[in-house]
Number of protein chains: 2
Amino acid sequence: MTEENIGCSCNLVHEEIVYMVKKEMPAEETLYDLAELFKVFGDTTRVKILYALFAAEMCVCDIASLLGMTQSAISHQLRVLKQARLVKNRRDGKVMYYSLDDEHIKHIFDQGLLHINEK
Amino acid sequence: MTEENIGCSCNLVHEEIVYMVKKEMPAEETLYDLAELFKVFGDTTRVKILYALFAAEMCVCDIASLLGMTQSAISHQLRVLKQARLVKNRRDGKVMYYSLDDEHIKHIFDQGLLHINEK
DNA sequence: TAAACATATGAACAATTGTTCATATGTTTA
DNA sequence: TAAACATATGAACAATTGTTCATATGTTTA
C-alpha cells in the first residue's frame, strides 16, 4: 500500500484504487514482451513486408523488388520478424522463401486500421 | 509491371504475383500511420500506462506513483499517447485526469498476448 | 496577491534503431 | 571445382527516442 512518494499528494485520495490496479496488471515480463512485439510492428518497412506476405509467400528478392529496397535492408528486417516469430522461411535451392508464422497479425493490423480510420 | 531491378533475377518468375500484391497493398500513408500507431505501443512505459487506464481514470501523479516513475517522464509519455488519440484528459482543479480514448486498444493488446503466449 | 501545488515542456544526453556497404555463407550450375 | 547467384551478417553512421533536469504554465488556497 505504501507507494513511492514522488512529491505530490493528490494520489493519497486514490491510494486504494492505485493499489488494486497494480495488483491487476499483467506481469512485468508480459508487459515487456508485449511492448517488444509492438515495437516490431512499429516500422514501415516491416509493416510493408508483413502486408506483402499476407498475400503470398515470397522470396527475399521479391520483397526487395516489391518495396524498392535493398536486399540487405530487407534481409535485416526479415531477421527481426523471424526472431519475433512473425514469419518463417523455407529454402528452395538458392532461394529463401518467407511466409507468415502467425494468424493474429492480420487481425491486429485490422484493429489498428480501425483506430486510424476513426474520426 | 516493370519492377526496379535490384541485381537478382529470381523474381522474374514471380513478376505477375508481385505486381498483384503491390496493387492490393494499402496506401503508403496508411501503412505509415499503422506503423506510427504500433510504435506508440512499442514502449513498456506506455504499455503500462495504458494498462493502468484500462482499470480506471487516473491523474498523472497516480500513474507516476503506480509505475514508480518521475512525473516528468509520465507527462512526456502521456503527451505521446494523447497525440496518438489513445488517451484523453480532463482537468479537475489542479489535477489532470487521463483516461482511454479508444475501445480497440484492449482488443489489440489481447491479440498481442495471444501471439506471445503461443508455444 | 503570494505561495503552494499539479502538470507541461524545452534542452541535453545516452541508448537504440534502420540503412548502407562490404563481404561471408550456402547452394547450384557449367 | 570454379563461377554465379541468393541471402545473411558485421561494422559504421545518421537519425530517432526515452529519461532527467530545470523551469514554465495553470489553478487553488491562505
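Chain letters run A, B, ... following the sequence lines, proteins first and then strands; every chain starts at 1.
Interatomic distance, OG1 of Thr30(A) versus CG of Asn117(B), reported as 7.0 Å (0.5 Å rounding). Put simply, NZ on Lys39(B) and OG1 on Thr44(A) are 6.0 Å apart, with the number rounded to the nearest 0.5 Å. Put simply, CG on Leu67(A) and OG1 on Thr45(A) are 7.0 Å apart, with the number rounded to the nearest 0.5 Å. The OH atom of Tyr32(A) sits 10.0 Å away from atom CD of Glu29(A), with the distance rounded to the nearest 0.5 Å. Note that CD1 of Ile63(A) and CG of Leu78(A) are 5.0 Å apart. Values are rounded to the nearest 0.5 Å. Taken from NE2 in His104(A) to CD in Gln111(A), the straight-line distance is 12.5 Å, to the nearest 0.5 Å.
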- Scoring nucleotides 17-26 of chain C by protein non-hydrogen atoms under 4.0 Å (B base, S sugar-phosphate only, - none) yields SSSBBB---B
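Looking at every heavy atom in both residues, Gly112(A) comes nearest to Phe38(B) through CA-CZ, 4.5 Å.
Remark on DNA chain C: of its neighbouring residues Asn89(B) and Gly93(A), the 5'-side contact belongs to Asn89(B), judged by nearest-heavy-atom nucleotide.
Of the side-chain N and O atoms in Tyr98(A), one or more sit less than 4.0 angstrom from OP1 or OP2 of dA8(D).
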- Dot-bracket notation for DNA chain D is requested: 5' to 3', Watson-Crick or G-U wobble pairs only, both distances under 3.5 Å, with ( ), [ ], | and . as defined. ||||||||||||||||||||||||||||||
- Test ring-ring contact (aromatic ring centres under 6.0 Å, His included) applied to Phe109(B) and Phe54(B), step by step: CA-CA 11 Å; Phe109(B) 279 20; Phe54(B) 284 156; 5.7 Å; yes
